[in-house]
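Quick notes on the structure that follows.
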Amino acid sequence: MKRLLPLLARLVILTFTTQSLGCAWMFHGTSDEIHIQSLDPKAELYVNDQPVGIGYATTTVERDKTATIEGRAPGCETRTEQTGSKFDGISLLGLLIDLGIISILVVDMGATGAAWKTYPLTYTVTPICPDAATPRVSGQPASGADLPATPQAEPAPAASTPSPEQTVPLAK
């Protein structure tokens, strides 16, 4: 037992040291904040089947994991997007610490996934609705069926050259 305790202490210290060496993990953590919007202000927004808001939402997603974003509205087809990822260049600082062997390969890429940031950070998911239920932008009607009937103006007569009787003499 006396030999096991110092070995366990060394293992805990070594684990803590390697976990704290990951640059992307230290500076940016293991999650990102994303913004979700819909052109339909009444659309319900979901991330991984969990409700996050209506019309606009901000939520946190884990780095290095794909999240499914949905915009839902009654009577409309659900619009789905998935988060993407992009390499976080701050991980390269690990090259200065240990040539990247532990800090980049083990910590940022392996243990924490912090080397891959969520990209982009803003998503638009607008449910696909039939014409009558399509959200309107700036007061524009969704379709011609919504326009009130307006009388059509008579077309102007074609221009013709006036006869001499129609001409008005100019005042001198």
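These numbers come from the heavy atoms of this one structure, side chains and all, not from hydrogens, waters or symmetry mates. Each residue takes its place number in the sequence, starting with 1.
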> Could you go step by step and tell me if R79 and E81 meet the salt bridge (charged side-chain N to carboxylate O under 4.0 Å, His left out) rule?
Replying inline: CA-CA 7 Å; R79 175 78 171 149; E81 292 283 334; 3.0 Å; yes

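- To the nearest 0.5 angstrom, N48 atom CG is 9.0 Å from Q82 atom CD.
- Under the 4.5 Å side-chain heavy-atom criterion for Ile, Leu, Val, Met, Phe, Trp and Tyr, I54 and Y46 are members of distinct hydrophobic clusters.
- Surrounding OH of Y56 are more than 12 heavy atoms belonging to other residues, nucleotides or ligands, all under 6.0 Å away.
- A side chain to side chain contact (heavy atoms under 4.5 Å, CB included) with E70 holds for exactly one of L45, V52, T78; it is T78.
- Atom OG1 of T126 and atom CD of E77 lie 12.5 Å apart (nearest 0.5 Å).
- No side-chain donor-acceptor contact under 3.5 Å links S38 to the backbone of G55.
- In terms of heavy atoms, P130 sits closest to G75 at CD-O, 3.5 Å.
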> Between V47 and T68, does a side-chain contact (heavy atoms from CB on, under 4.5 Å) hold up when you go through it step by step?
Replying inline: CA-CA 6 Å; V47 174; T68 302; over 6 Å; no

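- Salt-bridge formation is detected for the pair R72/D49: a Lys NZ or Arg NE/NH1/NH2 atom is positioned less than 4.0 Å from an Asp or Glu carboxylate oxygen.
- Judged by distance alone, with hydrogens and angles left aside, the side-chain atoms of D32 form no donor-acceptor pair with the main-chain N or O of V61 at under 3.5 Å.
- Side chains of Y119 and I34 form no contact here, defined as non-hydrogen atoms less than 4.5 Å apart.
- The only member of T124, T58, T122 that meets side-chain hydrogen bond (donor to acceptor under 3.5 Å, both in side chains) when paired with H35 is T58.
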> Between F87 and L92, is a side-chain contact (heavy atoms from CB on, under 4.5 Å) present by the stated rule, with each step listed?
Replying inline: CA-CA 10 Å; F87 182 74; L92 296 177; 3.9 Å; yes

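- Listed here is the closest heavy atom pair of S85 and W116: CB-CB, 4.3 Å.
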>> Could you walk me through whether D88 and R63 satisfy the side-chain contact (heavy atoms from CB on, under 4.5 Å) test, starting with their C-alpha distance in whole Å, then the side-chain angles of each, then the deciding distance to 0.1 Å, before giving a yes or no?
In response: CA-CA 10 Å; D88 190 353; R63 285 179 160 216; 2.9 Å; yes

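- Distance OG/S31 to NZ/K65: 11.0 Å, rounded to 0.5 Å.
- Within the 4.5 Å cutoff, the side chain of T83 has heavy atoms near those of the I69 side chain.
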